[in-house]
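Notes to accompany the following structure.
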Amino acid sequence: MFEVEAKGVATYGDAPKNSDEPGQSNGNTDKIMYSEIDVRGTRVMLSDMPDGIPATVGDNVSIVIESDDLDDLKTLYAKFEQDSQIYMPLEPTFWSDGYAMIADKFGIQWHFSYGEFRTNEGL
């Protein structure tokens, strides 16, 4: 439909073996942890939900807030943190210096991401 190609694709299996990444410990190694496409100039980031994190099939989306300013991202995250279920607190990961995953009080899943995704080449 949009004739796009995925870029920056990484599976949960690509995570370092000692990682605490939620998808790594429960057999989700082939599921997509991160993928990005450009749709008419808009970056769209996609991922599979690992087993153990609830998702309503058919009407569930995750919203990603990305910033090149870590302090700004921390401020935004703090506004959501209080009434949300924290799946992954805002902290450094092997792919970013700041990343978080939460579900807000309405059940909407949010990802907070600092900077560009570091692929295996950058690890």
Distance in Å, Tyr77 OH paired with Ile102 CD1, rounded so as to fall on 0.5 Å steps: 6.5 Å
Side chain to side chain contact (heavy atoms under 4.5 Å, CB included) between Thr11 and Asp30, intermediate numbers included: CA-CA 6 Å; Thr11 66; Asp30 291 335; 5.8 Å; no
Atom pair CD/CG of Glu81 and Leu90 - distance to nearest 0.5 Å: 8.5 Å
Distance in Å, Glu91 CD paired with Ser96 OG, rounded so as to fall on 0.5 Å steps: 11.0 Å
Residues His111, Met88; criterion side chain to side chain contact (heavy atoms under 4.5 Å, CB included); working and verdict: CA-CA 9 Å; His111 299 250; Met88 189 172 181; over 6 Å; no
Distance (rounded to the nearest 0.5 Å) between Tyr34 OH and Leu46 CG: 9.5 Å
Spacing of Leu73 atom CG and Ser67 atom OG [to the nearest 0.5 Å]: 5.5 Å
Minimum side-chain heavy-atom gap Val9-Ile32 below 4.5 Å: yes
Gly98 versus Leu70, closest heavy-atom pair with distance: CA-CD1, 4.2 Å
All side-chain contact (heavy atoms from CB on, under 4.5 Å) counterparts of Leu76, not counting sequence neighbours: Ile65, Asp72, Phe112
Atom of Pro89, atom of Ala100 and distance for their closest heavy-atom approach: C-CB, 3.8 Å
Side chain to side chain donor-acceptor pair (under 3.5 Å) partners of Lys74, counting only residues at least two apart: none
Thr93 side, atom OG1; Met33 side, atom CE - distance, nearest 0.5 Å: 7.5 Å
